[in-house]
Amino acid sequence: MTRTILPSRTSSLARLNRVLAGKAFDNARFFVLVDENTYTHCLPRLISYVDRLQQAEFMEVPVGEECKDIAIATQLWQTLLESNADRQTILVNIGGGCITDLGGFVAAGYKRGIRYINIPTTLIGMVDAAIGGKTALNLNGSKNQVGFFHQPEIICIEPAFLNTLPDSEVLNGVFEMLKTFLIGDPVQYDRLCQMLLNGTFEIIPDMIASCAEIKTAIVKQDPRDLGIRRILNLGHTFGHAIEAYSHHNGQTPLAHGKAVGIGLICALYLSVRKLGLDPAILDRYRTVTTKLVSLPHYTLRDTEGILSYMRQDKKNANNDILCVLLQNLSAPVIDLPVPENEIRDALLKIS
Ligand code: GLY
């Protein structure tokens, strides 16, 4: 069972220090996986709090998606092997979603599975990517095509790391928070929308903790993503395709979180039409999103391009495009087949 150290009044890293001083970690040998950014901006803080990591060995990989590659995973396995890392080894992944995806994959494969700890340093990592045991590499330019389910031993969420990030990176995580609150907490959803509309948004640790708790509870019910966990994909069928299209078709490349934010408009639009969602929920969400990103105006040609990515989505079955939609706040419905003409309509009505 994963132990999650959530943001609270005392430093999460100080609490991690106490946990790692416990008996369960007596024989552990620690390796820390970083990228260039977290090596410079996050590692000094981690080591200053967590005594057991002062003797750890460090492994550095390139920043971003390029690290999620089998050649890099192989290099890391070789480093572990050459260092005589045994099954008591614990891999500590400190970084964003790319580092936790790669590190989890390496931990899952090494000697048929060693323990690992995720310390997310991005908002998207804190509220989503580092939680739930999905590990992944990219293959032939396609994201997350190979991976294992392998749950982390500990997830330590320390909001202080967010101070090392540019605002645009934090914004990516805000859209995942909106999604999580749409499916799981109407009160926090209202509060977050209000803050964003007032322009008074600052990262509130208790909101991060709520998001992490909602995701943890969903993963606990369906760790292998066979049913209910798919509610976490609200906005993602559109979002992934919008993101991929923006990277390959001479458009301004959209980051994952922003693409999901735009995809959520499509999902809510279809929810109004197909499930009778209150249109005021769509209107408010669109107003909030308009304050944060400039919404794309797609042509029919764009919709064909985006649809071609949606058809490849690994969540589709029987050639239907399956979407998660919302009947009401906190009432998501999974696996709804949506005809392509309705997908086109939703994309054309984003702005
Ligand atoms: N990010 C969706 C999931 O973990 O299932």
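We count residues from 1, following the sequence as given. Fair warning: this is a prediction, and the values are worked out from it, not measured in the lab. Whatever order the structure lists them in is the order used to number ligands and atoms, beginning at 1.
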Item to check | Trace of the ring pair (Phe, Tyr, Trp, His ring centres under 6.0 Å) decision for F105 with F148 | outcome: CA-CA 7 Å; F105 183 94; F148 308 98; 5.0 Å; yes

Item to check | Polar contact flag, side-chain donor to acceptor under 3.5 angstrom, Y116-N93 | outcome: no

Checklist entry - Among all protein non-hydrogen atoms, which one is nearest to atom 1 (N) of ligand 1, and what is the separation to 0.1 Å? => result D128 OD1, 3.1 Å

Checklist entry - Just one of K134, Q221, R224 clears the side chain to side chain contact (heavy atoms under 4.5 Å, CB included) bar with R229, so which one? => result K134

Checklist outcome for this item: CD1 (I343) and CG (L348) are apart, to the nearest 0.5 Å, by 11.5 Å

Checklist entry - Evaluating non-hydrogen atoms only, which member of R224, K179, K215, R230 is closest to atom 2 (C) of ligand 1? => result K215

Checklist entry - For D225, is the nearest heavy atom under 4.0 Å from an atom of ligand 1? => result no

Next on the checklist: I need the atoms of ligand 1 closer than 4.0 Å to a non-hydrogen atom of L232, numbered in the order shown.
Outcome noted: 3 (C), 5 (O)

Checklist entry - Should R284 and D190 count as an ion pair when the cut-off is N to O under 4.0 Å? => result yes

Next on the checklist: For ligand 1 and K134, I'd like to know whether there is a polar contact (N/O to N/O, distance under 3.5 Å).
Outcome noted: yes

